[in-house]
Amino acid sequence: MDQKDHDLLQTKDEIFNAFRPIEQLFKIMDTSSVEIYGELTRSYADVGITLCQSFRQKLNAILTAETGDIKNDHR
């Protein structure tokens, strides 16, 4: 792995790590009690989780195109 690939992999890791708290928030919302918080919270969680997955896939595709074939998406 050359320096450019290493730098892109490090950037990818930093982006995923910075994004992780947002993803965790949606996961917590998904486990919230419907009786207490209502169905709307779960609906927001579903949308958020789907957006997080899409973000990870797109970012991975962009950076994989740049680096060749580095797979490291930290799921």
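Values below: every heavy atom of this structure, side chains too, minus hydrogens, waters and symmetry copies. Owing to the predicted nature of the structure, the values given are computational and were not obtained by experimental measurement.
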Any chance OH of Tyr44 has more than 12 other-residue heavy atoms, nucleotides or ligands included, within less than 6.0 Å?
no

Cluster check Ile36, Ile28: I/L/V/M/F/W/Y, side chain < 4.5 angstrom
no

Which heavy atom of [X] sits nearest to which heavy atom of [Y], and what is that distance?
X	Y	value
Val34	Glu39	CG1-OE1, 3.7 Å
Thr64	Lys12	OG1-NZ, 4.3 Å
Ala45	Phe26	CB-O, 3.4 Å

Rounded to the nearest 0.5 Å, what separation is found between the [atom1] atom of [X] and the [atom2] atom of [Y]?
X	Y	atom1	atom2	result
Leu25	Ile49	CG	CD1	10.0 Å
Ile62	Lys58	CD1	NZ	8.0 Å
Thr11	His6	OG1	NE2	10.0 Å

Under the side chain to side chain donor-acceptor pair (under 3.5 Å) test, residues paired with Ser33 that sit two or more places apart:
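Result, side chain to side chain donor-acceptor pair (under 3.5 Å) vs Ser33: Glu35.
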
Ignoring hydrogens and angles, tell me if any N or O in the side chain of [X] forms a donor-acceptor pair with the backbone of [Y] under 3.5 Å.
X	Y	result
Asn17	Asp13	yes
Ser32	Met29	yes
Ser54	Thr50	no

Any non-hydrogen side-chain atom of Gln53 less than 4.5 Å from a side-chain atom of Arg56?
no

Remaining members of Leu51's ILVMFWY cluster at a side-chain heavy-atom cut-off under 4.5 Å?
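Same cluster as Leu51: Val47.
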
